[in-house]
Amino acid sequence: MGTLIKLELRKMLFKKRVFIVWAGALFLSFVSIRTFSIEETYADLFSKGYGLVPLMGLLMFMVFSGAYTLEYHSNMAGLINTTKNGKKEIVSAKSVAAGIGASIVNLSIFLTVCLSALTKYQFEGLGLPLKNLWYFGKSGSSITVLQMILMMIITIIMGSFFFAQLGLFLSSISQSATIPFIFGGFIMGLPYIIEGFLKQIGLATYLTFTPLWGMMSCQLIRYQASAITIMILIGIFIVGIVFLPKLTYKAFTKEK
Amino acid sequence: MNILEIKNLTKIYGKKNANDNISVSLENGVYGLLGPNGAGKTTLMKQITTLTKPTKGKIIYNGKNINDLGNNYRDVLGYLPQEFGVYKNFSAKQFLQYVAALKGLSGQKAKEKIDKLLNLVGLYEVRNKAVGKFSGGMKRRVGIAQALLNDPKILVLDEPTAGLDPQERTRFRNLLSQISKDKIIILSTHIISDIESIAKETMMLKNGAMLMKGTHQDILSSMKGKVYSIKTDQENEVMEIQNRYKVINIQRGVHDVTLRVVSEKMIPYPNSEAVEPSFEDVYMFYFDLENIQEV
């Protein structure tokens, strides 16, 4: 299984186009943080961290949109399904590899933003409460900057695994990588797109139930998500991570 | 001894019988699978490799239904699909590591087997080169190596020599002959000389059904007295023969033309004589001739 995961990861990540977009995303992540006061810069960290979500989505779905369509087009699906472990392990290996791949991509972007912000103040002020930052102004949260960063690292990993399973499922039922890329990107990015509109009509808090905001948990704090919302989100993540691979398995091993 | 029994196998897609009541028993050795496009060869191979289930009938391996055997059957199966696109960003070695893991081989055992097979197919020196940069023939050799990774007892090869140069083809034939002693090898190809030189028996499919199965001798003897060679220097006679008979080959010499013709009846031309049939004649006789080969 370890060999399969390692080689699946290589198959998904080691592509020239992925490296080019990734390098560009990391550059943008670093330069997007500017030097203001410490509070302003740290608020900027979370604002830009969330603001870079489209780049995360672009990269993630570039990584795993073709995961199954490649197998279908290259006729490897047939070969895989005639092997002893093919039916049993390939879906699990792809799920883990895509989750790890997405986590690496998303964390690299978020941590570059963090690094850019924190190095401007030599890692000082990590204990600042979020309520001092304009981005979290109305939340009144006493969580510190460091705690929020650590929390986001965990939720970004969880969200990455969730979106990886979604992308893989869409890939397994598609003949072209474009479909999972567009649909997956749309499902992921919808809360980002409609946030402004919902904010105007006072319904933005409903977005706290979405996987994107669950992944970018600074949004949950900003909009004061309740404990029940967080429990529901954890439930959505678990259901997605457990059941989407089962549907993917059905689609991949279905007689074609 | 391995025994693969195909019993009354029928596969229906919509209203079409892709395989129609095929029954055959196979033991260790190389079996050629011949038939024109659409004859049902790929469907038969897909059922043997468990990629698709029969509509009716069953396949028995050593006394057990292959669908019941599941992964135990797949453990002894090697398969090379016809169109086979290896991952471009993998090296040959990584690709074989990947398939080895799929086949349940790991660690030192996998490493040794991969090195051995890379040597066998002549790719050891380029094992770390990206497969995307390989020629068609080299990719095919990677495909052959992956099919042999688990030392299969049933090896299904769909057009394995397509894209190989004559030297590579000869090497591949020798390899198959070497390993066929303890396994059932099903070789589907349009290259009749491959089947002629290595298959112990040939199965011919037409319209999804088994047209005939037998040794080369059995098959060729059925054609005895049906193949003729006609020599003529009259161009209008060439046209006439082409219109009246199934012409397999037209060889133009300096002064005359020699035609190879298959016919159930005696050919009424003065310079005609019955000749020994070849496998190509058999193929052309049973499967409608679409393109005349002119030399």
Side-chain angles (χ1 to χ4, degrees), chain A residues 1-20 22 62-64 66-98 101 171 175-177 249-256, chain B residues 11 13 42 45-55 66 69-91 93-107 110-111 114 130-132 139 143 146-147 149-150 152 154-156 158:
Chain A
M1 187 68 143
T3 309
L4 277 181
I5 294 171
K6 192 178 80 183
L7 289 167
E8 279 295 342
L9 198 54
R10 182 186 172 85
K11 209 196 296 177
M12 291 179 198
L13 276 184
F14 280 53
K15 293 173 192 158
K16 204 185 280 177
R17 61 178 186 275
V18 169
F19 282 134
I20 292 168
W22 197 354
M62 271 176 83
V63 167
F64 40 63
Y68 283 99
T69 56
L70 170 74
E71 312 297 4
Y72 299 147
H73 292 153
S74 64
N75 213 5
M76 276 298 290
L79 200 153
I80 290 167
N81 282 325
T82 60
T83 59
K84 183 184 164 190
N85 293 338
K87 287 197 181 207
K88 205 170 54 183
E89 290 187 359
I90 198 73
V91 173
S92 310
K94 277 187 191 289
S95 294
V96 175
S171 182
Q175 286 302 314
S176 153
Y249 176 84
K250 270 192 173 174
F252 183 62
T253 55
K254 193 178 159 192
E255 198 176 293
K256 292 178 181 75
Chain B
K11 181 72 188 178
Y13 290 117
T42 301
M45 285 186 287
K46 276 188 173 180
Q47 291 176 95
I48 294 171
T49 54
T50 71
L51 283 174
T52 182
K53 285 184 180 168
T55 311
I66 61 167
L69 284 170
N71 283 337
N72 289 331
Y73 174 70
R74 282 184 275 274
D75 195 23
V76 296
L77 187 67
Y79 176 48
L80 173 65
Q82 185 177 359
E83 281 164 35
F84 174 68
V86 283
Y87 309 124
K88 287 177 188 169
N89 60 350
F90 274 18
S91 68
K93 192 175 168 183
Q94 281 167 337
F95 182 77
L96 292 179
Q97 281 172 341
Y98 182 79
V99 182
L102 289 172
K103 293 190 172 192
L105 295 168
S106 57
K111 193 184 172 301
I114 289 166
V131 181
K139 283 179 191 165
Q146 67 75 25
L149 271 167
N150 55 332
I154 294 165
L155 185 57
V156 180
D158 199 353

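The sequence lines fix the lettering, A, B, ..., with proteins before strands; numbering per chain opens at 1. Model, not experiment: these values are computed from the prediction.
- Closest heavy-atom contact between A/T3 and B/Q97: CG2-O, 4.2 Å.
- Contact detail for A/K15 and B/N89: the closest heavy-atom pair is CG-ND2, 4.4 Å.
- Taking OG1 of B/T50 as the reference point, atom CG of A/N81 lies at 7.5 Å (rounded to 0.5 Å).
- Atom OG1 of A/T82 and atom NZ of B/K103 lie 6.5 Å apart (nearest 0.5 Å).
- For B/K88, no part sits under 4.5 Å from any heavy atom of chain A, backbone or side chain.
- When each of A/E8, A/H73, A/M1, A/E89 is checked for heavy-atom pairs under 4.5 Å with chain B, A/E8 comes out on top.
- The part of B/F95 that comes within reach of chain A is its side chain, from C-beta onward, which places non-hydrogen atoms under 4.5 angstrom from that chain.
- Atoms CG and CD1, from B/L102 and A/I80 in turn, are 6.0 Å apart once rounded to the nearest 0.5 Å.
- Side-chain contact check for A/M76 versus B/Y98: some heavy-atom pair is nearer than 4.5 Å.
- Here the closest heavy-atom approach between residue A/N75 and residue B/P81 is recorded as ND2-CB, 3.5 Å.
- Summarising the geometry of B/Y87 relative to A/S74, their closest heavy-atom pair is CE2-OG, 4.5 Å, with the distance given to 0.1 Å.
- At least one side-chain heavy atom of A/L79 sits less than 4.5 Å from a side-chain heavy atom of B/Q146.
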